[in-house]
Amino acid sequence: MSRKQLDFFHSGSAERAVAPPKPVAEKPKLILIDGMAMLYRAFFALQRAGMTSRDGKPTGAVYGFTSALLKIFETYKPDYLAAAFDSREKTFRHHLYPLYKANRSAPPEDLISQLDAVFELLAAFDIPLIKIPGFEADDLIGTAARIFQPECAVFIVTPDKDLAQLVQDGVSILRPGKNQNELELLGRSEIAEQFGVPPERFTDLLTLTGDTSDNIPGAKGIGPKTAATLLGKYDSLQNIYLHLGDLSPKNRLTLEEFQPQLDLIKQLVTIRTDLQIDLTLKELACGSPDLTLLLPLLNKLELKTVIGRLPVVFPKLMEHASLEASMHDGPDSPLAAAEPELRSPRTGADYGVITTEEGLKALINSLQDAPRIAVDTETTSLNTFEAELAGISISTEARKARFIALANSSLNPQSALELLRPLLENPELPKTGQNLKYDILVLKKYGIDLTPVGFDTMLASYVLDPEEKHNLDDLAARHLGYKTTTFEELTGTGKAKLHIFDVEPEQLSDYACQDADLALQLEEIFRKKLEGEKELLWLCEHIEFPLVSVLAAMEHAGICIDTPHLEKTSEAVGKELELLTEKIYAASGAPFNIDSPKQLSNILFNVLGLPTKKSTKTGFSTNVEVLEELAELHPVVASLLEYRTLQKLKTTYIDALPKIVNPLTGRLHTSFNQFITATGRLSSSNPNLQNIPIRSPLGKEIRRAFIPSSPDKWLLSADYSQIELRIAAEISGDPQLIEAFRNREDIHTATARVIFGSDEITPDMRRKAKEVNFGVLYGIMPFGLSKRLNIPRSEAIAIIDTYKAKYPGLFLALQEIIETGKKDGYVSTLLGRRRYIADLNSRNSNIQKAAERAAMNTPIQGTAADIIKCAMNLCSERLRKNSMRSVMLLQVHDELLFETTDEEKEPLADLIEEAMIDAAIICGLKNVPVEVDTGIGKNWLDAH
DNA sequence: AGGATCACG
DNA sequence: ACGTACGTGATCCTG
């Protein structure tokens with residue numbers, strides 16, 4: 001490792017030729033980084049979040065630091081750049097004042113362990129290090145700033161306020177902001193504004209206040225406020241002492257007592273700018289990163305987002321570097337040997353636009369023998385129901401694509417689509433794309449059935465690592481080393497934003513071609529990766545890809561709601577809420593915003609004087625749990641609880657749902673998100689139809705509002721019974737649990753018999769057993785169980801111990817999952833779906849325990865997700881084969897909802913049940929039977 | 001933009 | 001000494 005470190009020695013002369021001052025704008029930029037301070041900042045900002053590489057080594061500090069470096073390169077494009085670090089030796093300040101920094105404890109182990117990586121990074125970036133025995137970074141920076149200020153615009157990067165004293169014309173501070181990855185520029189006026197004194201007076205301010213972090217005492221009782229006020233009034237410390245008589249007696253006394261230490265402290269807090277060091281600008285010249293060092297290092301640290309940003313920050317440099325190659329090759333393999341790629345996907349690519357029928361026919365002709373095509377649609381909106389087609393791009397060969405312009409061209413959209421139909425609908429021609437569900441839905445509006453889904457790059461990325469980012473721009477940067485044109489770059493933002501129809505056709509074409517091309521290229525890369533992980537390839541091809549069309553059909557179908565019923569309910573609930581509001585105001589003495597937890601907690605805990613139960617980050621919690629405890633102490637709390645429930649249901653469902661019924665279809669169309677969750681579940685949004693109420697009476701009313709699309713039709717619901725516990729039984733092979741399921745026992749009653757050792761099971765015993773069963777799935781702990789069951793902790797411990805003794809296989813299996821997770825870095829479902837859990841090796845025991853619970857739960861929740869996805873595919877396939885008219889509408893994790901007719905309802909129930917059971921077997925439930933409950937009704941509630 | 005809360009599985 | 005069951009998304013409030 002060649003580390004570039006400049007060795008500075010005292011030079012005899014401080015004399016140097018000074019260039020005449022130039023206007024700041026023309027001066028080259030010198031950036032001086034306060035290395036250790038920036039690292040500390042990054043550490044505390046990010047380490048707490050528990051960021052680690054997959055083997056559990058902490059990487060938060062090095063990530064934050066690197067992130068700031070990139071930001072500096074990107075925003076300031078420095079001409080000169082150096083990082084200053086303290087040396088280990090004692091400094092003149094220690095000699096002046098032995099207690100200097102005596103309060104500092106050693107840096108945390110997790111920070112020290114990252115230091116080597118930081119120095120390696122600096123070397124890889126070719127950033128000179130300034131580190132001189134006996135001097136602190138502050139003094140090095142101060143001196144460098146003083147020396148180069150005449151010829152450079154100097155920027156000091158530091159979170160430390162002390163360096164504010166160095167600010168002057170041409171010298172400013174860049175301070176990490178509240179938002180991560182932001183650097184705030186502080187010049188004279190900003191310093192004056194924030195600290196109340198100009199930079200020249202900053203040492204005076206520090207002298208008065210002292211600096212607790214360096215263990216430097218100030219004048220007792222004088223804080224930053226008082227100090228700034230005094231300095232504002234008397235201008236300087238010296239002048240304050242000349243006017244001691246004018247001060248308040250208290251301040252006067254303090255300052256008189258302080259006077260003897262004045263000189264010492266001023267010396268301690270003053271950053272030196274006069275070190276005798278020999279520094280030349282040339283030595284600080286900003287080089288460019290050495291990718292042969294940098295890429296292997298970043299890969300080792302698993303700083304993928306940093307790698308992704310490199311092409312943006314160093315576009316020129318990345319021109320010939322293939323990131324993908326560097327990930328596979330060892331650290332020693334020179335990048336020059338890697339296959340060269342272009343920095344922008346469009347440079348040198350064969351992209352073109354088609355605007356005529358002849359051109360289109362020629363294109364279609366040339367596609368006849370393609371084994372598969374990559375497709376991307378360009379539209380006017382992300383909302384598929386509003387989207388109008390602007391064109392379609394197609395690629396069959398890397399770095400080659402054509403855009404069929406359907407707007408602003410001589411092509412008639414409908415007739416062009418007719419020409420394309422045989423291609424787009426050809427069942428023998430698999431389609432590749434990024435998030436094909438979107439394209440399927442858009443084309444559906446034009447009567448085109450885009451099929452089959454051959455490869456979805458977003459889903460491939462999701463299956464390979466669900467918690468990564470999966471958007472095209474990130475994928476292209478990470479896997480192809482491309483800096484893509486984003487949609488925002490194409491259309492502009494804010495006021496200048498162009499409608500897609502107004503984008504220059506050439507540009508739109510390039511953009512569209514790029515996306516189809518990228519999808520094709522990504523497929524190649526992902527296929528290779530998936531080849532190495534066969535079960536993940538299987539998961540893609542048999543579960544995720546076929547599901548895309550199924551979800552598209554469900555979203556397209558939508559579900560009807562009984563709007564009048566909801567409106568009536570809203571009115572009634574509204575009145576009830578008004579009454580409750582009056583009651584609550586009366587009891588509280590004054591009106592306030594009940595929806596504001598802050599105001600509510602003021603009423604509860606200050607006005608009414610009720611005891612606080614739990615804290616949140618911002619104050620005292622007022623959640624249900626707390627309110628239930630307070631209910632017996634004050635009658636208003638019951639009203640509050642009722643208010644909360646009603647308000648929640650009214651705003652989130654009763655009033656919100658009718659507003660988003662699609663006016664064209666008269667239905668609610670949710671989006672099923674296939675690449676969001678860590679476990680493999682789907683999620684639903686806009687609106688979320690997976691959390692429609694059912695538990696409370698008013699909740700049931702809301703469910704009643706979900707109805708078939710005509711009065712003669714039915715809703716059929718089919719749900720797995722206890723699927724997760726069955727999976728737990730299968731995974732563990734626990735004979736007791738398996739036996740209970742084979743005997744079709746009520747599992748909670750069976751568990752109750754086991755943990756209470758009795759055959760007489762009361763409803764309350766069953767309720768407790770049910771909580772225990774759930775607890776097992778979530779990674780049970782005595783504290784959690786005792787709280788949920790409202791029993792003493794000792795009793796909870798006893799219950800868990802009994803459970804463990806009776807179902808030993810289950811706990812052994814859960815423990816094994818954790819061990820495997822620690823070893824491999826990931827845990828898997830029965831079908832091999834993975835979730836990487838780095839925190840299993842965290843040294844923070846809370847983080848580690850949380851990771852262990854996630855690790856235990858993921859194979860269970862994830863296998864359930866695999867099973868129902870598989871069932872959805874089977875249902876869809878079999879419905880089609882039997883030419884049935886019934887439609888799948890919703891999936892709610894263990895439930896499927898269909899719309900059906902009188903004639904089909906019985907055969908449908910059989911078909912669904914059979915498909916759901918087959919799916920469980922396909923997904924690995926060999927030893928435990930599954931049960932499916934089906935129900936039918938004129939609304940969702942009655943279908944249960 | 002992030003926290004608190006609460007709806008579902 | 002601390003903080004505590006897994007996974008989501010929508011709403012409202014606050015800085």
Side-chain angles (χ1 to χ4, degrees), chain A residues 178-180 182 466-467 592-601 614-627 640-641 643-657 659-660 670-673 676-696 698-699 702-703 719-720 722-724 728 771-789 793 796 800 814 827 835 837 844-862 864-865 868 890-896 940:
Chain A
K178 270 207 176 131
N179 286 343
Q180 202 199 318
E182 248 179 38
E467 286 170 290
F592 66 100
N593 187 346
I594 309 171
D595 296 334
S596 160
K598 200 179 159 191
Q599 292 181 35
L600 178 59
S601 84
K614 202 167 59 168
S615 286
T616 66
K617 280 183 189 169
T618 52
F620 295 114
S621 175
T622 63
N623 69 14
V624 185
E625 231 175 285
V626 172
L627 292 186
L640 277 171
L641 278 164
Y643 175 94
R644 274 267 176 86
T645 320
L646 297 186
Q647 175 73 0
K648 180 87 172 185
L649 296 184
K650 183 167 187 284
T651 56
T652 313
Y653 305 100
I654 301 174
D655 292 344
L657 293 178
K659 282 190 207 149
I660 47 176
T670 181
S671 293
F672 285 108
N673 312 303
I676 297 287
T677 68
T679 55
R681 272 189 176 182
L682 298 179
S683 85
S684 157
S685 55
N686 307 307
N688 182 353
L689 294 184
Q690 290 182 321
N691 73 344
I692 299 302
I694 192 171
R695 293 170 188 166
S696 66
L698 181 58
I702 294 170
R703 256 199 198 213
D719 63 279
Y720 284 111
Q722 304 301 343
I723 186 74
E724 295 199 346
E771 291 288 349
V772 175
N773 277 335
F774 275 108
V776 169
L777 301 177
Y778 298 151
I780 198 163
M781 292 188 128
F783 182 90
L785 188 67
S786 73
K787 213 168 55 169
R788 295 207 142 243
L789 292 182
R793 210 163 137 160
I800 293 172
L814 292 173
V827 295
R835 175 180 181 184
I837 306 185
N844 177 326
S845 78
N846 282 329
I847 291 175
Q848 193 196 8
K849 283 214 180 80
E852 288 181 355
R853 294 193 296 267
M856 289 188 268
N857 177 259
T858 295
I860 299 171
Q861 191 183 115
I868 195 153
L890 298 179
Q891 185 252 46
V892 193
H893 309 308
D894 63 359
E895 173 189 3
L896 296 176
W940 196 1

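To find a chain, count down the sequence lines: A is the first, B the second, and so on, and within it residues start at 1.
With sequence neighbours left out, A:Lys787 forms a salt bridge (charged side-chain N to carboxylate O under 4.0 Å, His left out) with A:Glu625. Qualifying salt bridge (charged side-chain N to carboxylate O under 4.0 Å, His left out) partners for A:Asp655, counting only residues two or more places apart in sequence or in other chains: A:Lys650. Under the side chain to side chain donor-acceptor pair (under 3.5 Å) criterion, A:Arg703 pairs with no residue, sequence neighbours left out. Partners of A:Asp595 by side chain to side chain donor-acceptor pair (under 3.5 Å), not counting sequence neighbours, listed by chain and number: A:Tyr643, A:Gln647. Partners of A:Gln848 according to the side chain to side chain donor-acceptor pair (under 3.5 Å) rule, which considers only residues two or more places apart in sequence or in another chain, do not exist here. For A:Glu895, the salt bridge (charged side-chain N to carboxylate O under 4.0 Å, His left out) test picks out no residue, with sequence neighbours left out.
Note: CG (A:Asn846) to P (C:dC2) measures 11 Å, nearest angstrom. Here C:dC6 presents its P atom at 4 Å from CZ of A:Arg853, a figure rounded to the nearest Å. Here C:dC6 presents its C1' atom at 13 Å from CD of A:Glu467, a figure rounded to the nearest Å. A:Ile847 places its CD1 atom 12 Å from the P atom of C:dG3, with the value rounded to the nearest Å. Spacing between atom CG of A:Asn844 and atom C1' of C:dG3 amounts to 11 Å, rounded to whole angstrom units. Distance, A:Lys659 NZ to C:dT11 C1': 11 Å, rounded to whole Å. Atom CZ of A:Phe592 is separated from atom P of C:dC12 by 17 Å (rounded to the nearest Å). Protein atom CZ of A:Arg788 is 10 Å distant from nucleotide atom P of C:dC6, rounded to whole Å.
Contact annotation for A:Ala678: backbone-only contact, meaning every heavy-atom pair under 4.0 Å involves sugar-phosphate atoms and none involves a base. Residue contacts shown for A:Arg835 are limited to sugar-phosphate atoms, with no base heavy atom under 4.0 Å away. Heavy atoms of A:Ala656 sit under 4.0 angstrom from primed sugar atoms or phosphate atoms, though from no base atom. Here A:Gln647 lies out of heavy-atom contact (under 4.0 Å) with every strand. No contact: A:Ser845 has no heavy atom under 4.0 Å from any strand.
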How would DNA chain C look in dot-bracket form, 5' to 3', counting Watson-Crick and G-U wobble pairs with both distances under 3.5 Å and writing | for bases paired to another strand? .....|||||||||.

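Taking every side-chain heavy atom of A:Ser596 into account, C:dT14 is the closest of C:dC6, C:dT11, C:dT14. For A:Met781, counting side-chain heavy atoms from C-beta on, the closest listed nucleotide (C:dT8, C:dA10, C:dT4) is C:dT4.
Of the two residues contacting DNA chain C, namely A:Gly775 and A:Asn686, the nearest-nucleotide position lying further toward the 5' end is that of A:Gly775.
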Only pairs under 3.5 Å count here: list side-chain donor-acceptor contacts from residues 771-783 of chain A, not counting sequence neighbours, and write none if there are none.
from	atom 1	to	atom 2	distance (Å)
A:Asn773	OD1	A:Thr751	OG1	3.2
A:Asn773	OD1	A:Tyr803	OH	2.9
A:Asn773	ND2	A:His748	ND1	3.0
A:Asn773	ND2	A:Thr751	OG1	3.0

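For the P atom pair drawn from C:dA5 and B:dC6, the interatomic distance equals 15 Å after rounding to whole Å. The separation of C:dT4 from B:dT5, taken at their P atoms, amounts to 13 Å, rounded to a whole angstrom.
Across all non-hydrogen atoms, the minimal contact from A:Ser601 to A:Phe620 is CB-O, 4.1 Å. The minimum heavy-atom distance linking A:Pro597 with A:Thr622 is given by the pair O-CG2, 4.1 Å. In terms of heavy atoms, A:Pro687 sits closest to A:Thr670 at O-OG1, 2.7 Å.
Interface remark: the A:Glu852 side chain does not form any donor-acceptor pair with the C:dA5 base, using a distance-only criterion of under 3.5 Å.
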In the 5'-to-3' direction, what one-character label does each nucleotide of nucleotides 3-9 of chain B receive under the scheme B = base within less than 4.0 Å of a protein heavy atom, S = sugar-phosphate only, - = no such atom? SSBBBBB

